[in-house]
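Worth knowing before you read on, the calculation uses all heavy atoms, side chains too, and leaves out hydrogens, waters and symmetry mates. Proteins get letters first, then strands, A, B, ... in listed order; numbering begins at 1 in each.
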Amino acid sequence: MDNDGRRTYVPGDVERKWQERWEAEGTNAFTTDELRSPENPFYQLMMFPYPSAEGLHVGNIYAFTGADVHGRFHRLQGKTVFEPIGFDAFGIHSENFALKVGVHPMDLIPKNVANFTRQLRRIGGMFDWDHTVDTTDPAYYKWTQWVFVQLFRAGLAERRDGAVNWCPSCKTVLANEQVIAGLCERCDTPVEQRNLPQWYFRITDYAQRLLDNLETLDWSETTRKAQQNWIGRSEGGELRFPVLDAGGSDTEAQVHVFTTRPDTIFGATYMVLAPEHPLVDAVTTPDHRAEVEAYQAEMRKLDLVARQKTDKEKTGVFTGGFCRNPATGEPIQVWIADYVLMDYGTGAIMAVPGHDERDFEFATKFELPIVRVVAPEDADASTPLEEAYIGPGRLVNSGRFDDMDVEAGKSAIIAWLEDEGLGESRINYRLHDWCISRQRYWGPPIPVIYCDACGPVAVPEEDLPVVLPRVEDFKPDDSGVSPLARVAEWYETTCPECGEAARRETDVSDTFLDSSWYFLRYPNTDFDDKALDAGITGTWLPVDSYIGGNEHAVLHLMYSRFITMALKDLGHLDFEEPYKQFRAHGLIIREGAKMSKSKGNVIVPDPIIEEFGADTFRTYLMFLGPYEEGGDYQDEGIYGPFGFLKRVFDTAHQVVAAEAAGDAAADAAPDGDVERKLHQTIRQVSEQVPALGFNTSIAALMEYLNTVRAGGRSAVRAEVEPMIPMIAPFAPHLAEELWEALGHEASIFDGANWPEFDAAKAVENTVTVAVQVNGKVRGTIEVAAEADQERAEALARAEENVTRHLEGVTVRRVIYVPNRLLNFVVG
RNA sequence: GCCGGGAUGGCGGAAUCGGUAGACGCGGCGGACUCAAAAUCCGCUUCCUGCAAAGGAGUGAGGGUUCGAGUCCCUCUCCCGGCACCA
């Protein structure tokens, strides 16, 4: 109480009260029966956090609050909203931290999870704590392993030998998606190439489907484009160039190249193989062998960053070998060079220096022939090329294809090579298969047993989970195998097929496998005998709204699409896209940079919530800027939303106090202007919240409150009550408190309490119309809404300042936009 | 280099279909209440000229379309994100 006898807003008290009540009454939780037959299901998903030792950071809270606001809005509109949360607790991140502090992850993670749980409750998310997942719980990873087994049986998981990305610091292989510009995404160490047999998921089989479906998804543009770029489809041809023997005749061997410019084949004056290409040995002549092998050794030593630098001069050596250009019939030199990569296309190219910048640079440096085979329209084809010509044009120096347009040339030359048996059209993708093996400890063991007689065998489903044993010495090493390979009593087993002695796979799977299906599990956590209940899964999925960070655009969001498609093809799901709608939120910036420990600009949420309350912190975060673009965290800015919520509290209690005192005026009809503003606000907020326009919605609510309290006037119930549900998504505890104070017994979130918009009540009777003379505002007039031009013009001409500007000039034209402006065009 | 998103007061940011640029908030200035302070409340706050009335300029730069452009078109600069010797 303050000295007026009215209550003061103490956020901590209000929030504790409602968090306890939501918990006790199960306000946000679903029973299995409710999950089975919801009235109007809406699945609101957010990206489950990795439970770090530091606790929730502002970025987490920003992400969760945005999703929670959206979920709560839909609930207030009468939907049955399922909004689960969980913990992505396996992985290198936790393991490295455990190593650093010398605590076993099995002891560390539960503490972090407990702390995160406390913090997540404190921020007031509408989480269903009865349906959480923890990826490190055997009851969860049993089914992660089950997913692997399904893919293995379908031939979508396979063990392959080949070049892999090896992080020398994390001491494990990484998927392509986890290598950012040649660096490990976890620790920024330059990644090396190693040859190791690994488990792969054949995501490339799904490349075209992953690409095509993007068109149909309601996703943030930036995320869709990131996936498109990552899949990287290019159309072209795979062409074959016969390798020549010392006498210049064709041998059996052929170099396969992928090109997007088959039309330029007559200009292919040399070939380049990647240094690691398997044919290098065969084409190298004895007199070039020493040089070639030295070059290969040099390339092997380089990490990915050094190798893929594009600003350095290209290097390479001649192998001494030749191929025949099937178009010209001429022998052309075969080189190896750093600018051709083994893991794209076929690892070999036909070099067309006349029409490819890289080939031009290389040919110039090593004095290799440059031939023009494309000429732009109206250009002299005999002009020597001073740089590679990439543009459109017609073919020249191309035999019977001369004068053909390049586009027509592409198909004509492919068709001809196909007849010759030397090529065909081909589509190539940048996307690589997903390497899921990790030579680490903290993950679900890959459920495979190696038997000398039967080969790799999947662990039978009834034997799942393959439990990760507690191992004290879990430090990774450079051996290329997991620490589990040190635990003989664990990996020694018998073959499930023949019963002979056999050995378990000792690698664990990628953390991204854990998160590739967690959203499928949430509504199914009540079942321990199956991963997915068909009825419940069909009811709740695909996810209605997914909100999260764009840093997972090509990681989690690509993998989970693939796993969903695969599970659909295997009959476990009846949909193939997991998320109907995905929105990427922006980043919070403070002092000009992303918050990071090294920059020292991190905001620790706990003390702020302590001082201002979760409601204020939530509202402030949502008010910072457009949610999809992020915002600039200014420490002083929190006072705006704090003052707003205090005023809301005060205004509602003013009404309650007036009613209690028997003041009939408190129940009076709303003021006309206020009611109009109310309905305009309802319209605006109802449109903007589902579009994630949180900052403008809060601004509209502030504006409304300013109208209600204008000049210090007293509010009436009809003006205040409809505002409460509109602030509820942002400030749920305060909304509950005030809803109760206004006499409602049930939770504001139980029931469709969103206020109804009445268009008739939002209409303005009079409007301000700007009066312009030649496009410059010279005054304003007040007219009835939809007033006709005659009336408006008369009023405008009566306006003193307007009259002055119309003196002595001729009005040539009058433009009238009802309710907006009147423009006199004079000359 | 290619793809996507941006650039608006001292600051964060608004502006529906091309129609009064700067809503809302922070900060600042002034005032009320107070012995005083905090809290709260009220008013002002794009820049320039002006006592005022008013006038001029103004949404990264330059051009264009239009009665009218932050918004549409062309050219350019810079910033953020994705991809990148990708053949």
Side-chain angles (χ1 to χ4, degrees), chain A residues 2 8 180-181 220-232 234 236 257-261 264 272 307-312 314 337-341 343-352 356-359 361-362 390 428-430 550-551 553-554 584 586-587 589 594 620 623-626 628-641 643-644 646-647 650 684 687 693 695-703 706 709-712 768-780 800-801 804 812-827:
Chain A
D2 61 20
T8 17
I180 313 294
S220 289
E221 187 62 10
T222 158
T223 316
R224 289 206 338 221
K225 286 291 174 193
Q227 291 213 349
Q228 266 173 25
N229 288 342
W230 189 259
I231 295 169
S234 1
V257 302
F258 173 74
T259 178
T260 55
R261 295 297 304 273
T264 62
V272 187
R307 172 70 196 276
Q308 295 188 350
K309 251 195 198 141
T310 56
D311 49 0
K312 67 172 170 32
K314 302 186 192 333
D338 57 355
Y339 80 98
V340 174
L341 307 174
D343 66 357
Y344 183 76
T346 60
I349 61 156
M350 64 174 202
V352 184
D356 181 282
E357 283 172 24
R358 296 149 303 177
D359 297 342
E361 183 195 331
F362 193 81
I390 319 292
N428 198 53
Y429 300 93
R430 224 191 56 84
N550 212 31
E551 68 273 14
V554 297
L587 236 51
I589 300 295
K594 189 182 163 179
Y620 179 46
F623 185 62
L624 283 180
E628 292 174 87
E629 285 164 39
D632 188 347
Y633 190 99
Q634 301 182 333
D635 297 2
E636 299 293 300
I638 197 164
Y639 288 104
F644 167 64
K646 278 198 283 198
R647 257 154 71 88
D650 188 55
Q684 200 178 348
E687 274 170 16
N695 57 333
T696 48
S697 293
I698 294 165
L701 290 163
M702 287 173 165
E703 229 180 301
N706 290 343
R709 298 301 302 273
T768 309
V769 169
V771 182
Q772 299 182 334
V773 178
N774 273 358
K776 285 197 191 293
V777 180
R778 298 300 180 187
T780 57
E800 191 192 329
N801 202 36
R804 244 197 16 243
R812 298 187 184 282
R813 215 176 133 189
V814 180
I815 311 273
Y816 181 55
V817 183
N819 303 336
R820 291 281 183 184
L821 64 67
L822 184 70
N823 186 11
F824 293 100
V825 184
V826 301

Taking [atom1] from [X] and [atom2] from [N], how many angstroms apart are they, rounded to a whole number?
| X | N | atom1 | atom2 | value |
| --- | --- | --- | --- | --- |
| Tyr429(A) | C86(B) | OH | C1' | 15 Å |
| Asp632(A) | C80(B) | CG | C1' | 14 Å |
| Glu361(A) | A87(B) | CD | P | 17 Å |
| Leu587(A) | G5(B) | CG | P | 18 Å |
| Lys776(A) | A69(B) | NZ | C1' | 13 Å |
| Asn774(A) | U66(B) | CG | C1' | 13 Å |
| Ile698(A) | C26(B) | CD1 | P | 13 Å |
| Lys594(A) | C80(B) | NZ | P | 14 Å |

Which of these nucleotides, [options], is closest to any side-chain atom of [X]?
| X | options | value |
| --- | --- | --- |
| Arg358(A) | C86(B), G4(B), G82(B) | C86(B) |
| Leu341(A) | G25(B), A87(B), C42(B) | A87(B) |
| Ala699(A) | G55(B), C24(B), G25(B) | C24(B) |
| Arg778(A) | A87(B), C67(B), G55(B) | G55(B) |
| Thr260(A) | A87(B), C83(B), A57(B) | A87(B) |
| Asp356(A) | A84(B), G82(B), A87(B) | A87(B) |
| Lys314(A) | A87(B), C85(B), G25(B) | C85(B) |

When all nucleic acid strands are considered with a 4.0 Å heavy-atom cut-off, which category describes [X]: base, sugar-phosphate, or nothing?
| X | value |
| --- | --- |
| Asn801(A) | sugar-phosphate |
| Lys646(A) | sugar-phosphate |
| Asp359(A) | nothing |
| Val352(A) | nothing |

According to a strict under-4.0 Å criterion, is [X] in side-chain N/O contact with OP1 or OP2 of [N]?
| X | N | result |
| --- | --- | --- |
| Arg430(A) | A84(B) | yes |
| Asn229(A) | C86(B) | no |
| Tyr344(A) | A87(B) | yes |

Distance, [atom1] atom - from [M] to [N], rounded to whole angstrom:
| N | M | atom1 | value |
| --- | --- | --- | --- |
| C72(B) | C2(B) | C1' | 25 Å |
| C33(B) | C47(B) | C1' | 35 Å |
| G9(B) | C44(B) | C1' | 15 Å |
| A57(B) | G50(B) | C1' | 15 Å |
| A84(B) | U59(B) | P | 39 Å |
| U49(B) | A15(B) | C1' | 28 Å |
| G18(B) | C74(B) | P | 16 Å |
| G10(B) | U46(B) | C1' | 10 Å |

Is there a Watson-Crick or G-U wobble partner for [N] with both distances under 3.5 Å, and which nucleotide is it?
| N | result |
| --- | --- |
| A39(B) | none |
| G81(B) | C3(B) |
| C44(B) | G28(B) |
| A61(B) | U75(B) |
| G19(B) | C67(B) |
| A53(B) | none |

With 3.5 Å as the limit, what N/O pairs link the protein to nucleotides 14-20 of chain B?
{"from": "A14(B)", "atom 1": "OP1", "to": "Asn695(A)", "atom 2": "ND2", "distance (Å)": "2.9"}

Which label fits G9(B), syn or anti, where anti is any glycosidic angle not within 90° of 0? syn
So, is C72(B) syn or anti if syn means the angle is within 90° of 0? anti
Between [X] (side chain) and [Y] (backbone), is there a donor-acceptor pair under 3.5 Å?
| X | Y | result |
| --- | --- | --- |
| Asp338(A) | Lys314(A) | no |
| Asn801(A) | Arg778(A) | yes |
| Ser220(A) | Ala584(A) | yes |

Any N/O donor-acceptor pair, Asp338(A) side-chain to C85(B) base, under 3.5 Å: yes
Begin with the C-alpha distance, continue with both residues' side-chain angles, and end with the deciding distance and a verdict on side chain to side chain donor-acceptor pair (under 3.5 Å) for Arg813(A) and Asn823(A). CA-CA 8 Å; Arg813(A) 215 176 133 189; Asn823(A) 186 11; over 6 Å; no
Let's go through Thr264(A) and Met350(A) carefully: what are the C-alpha distance in whole Å and the side-chain angles of both, what is the deciding distance for side-chain contact (heavy atoms from CB on, under 4.5 Å) to 0.1 Å, and is it a yes or a no? CA-CA 10 Å; Thr264(A) 62; Met350(A) 64 174 202; 3.8 Å; yes
Given that Gly631(A) and Thr222(A) both sit by RNA chain B, which one's nearest nucleotide is further toward the 5' end?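 The 5'-side residue here is Thr222(A).
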Would you kindly compare Met702(A) and Ser234(A) by the position of their nearest RNA chain B nucleotide and give the one closer to the 5′ end?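 Whichever sits nearer the 5' end wins; that is Met702(A).
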Please tell me whether Tyr633(A) and Tyr620(A) form a close aromatic pair, meaning their ring centres lie under 6.0 Å apart. yes
Taking only Lys NZ, Arg NE, NH1 and NH2, and the carboxylate oxygens of Asp or Glu, determine whether Glu221(A) and Arg224(A) approach each other closer than 4.0 Å.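 So Glu221(A) pairs with Arg224(A) through a salt bridge.
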Start with the C-alpha distance between Val769(A) and Asn819(A), add both sets of side-chain angles, then the distance that settles side-chain contact (heavy atoms from CB on, under 4.5 Å), and finish with yes or no. CA-CA 6 Å; Val769(A) 169; Asn819(A) 303 336; 5.5 Å; no
Please assess Asn550(A) against Thr222(A) for the test side chain to side chain donor-acceptor pair (under 3.5 Å), listing each intermediate value before the final yes or no. CA-CA 8 Å; Asn550(A) 212 31; Thr222(A) 158; 2.9 Å; yes
Checking side-chain contact (heavy atoms from CB on, under 4.5 Å) for the pair Leu821(A)/Val771(A): CA distance, chi angles, key distance, verdict? CA-CA 6 Å; Leu821(A) 64 67; Val771(A) 182; over 6 Å; no
side-chain contact (heavy atoms from CB on, under 4.5 Å) between Ile349(A) and Phe258(A), intermediate numbers included: CA-CA 6 Å; Ile349(A) 61 156; Phe258(A) 173 74; over 6 Å; no
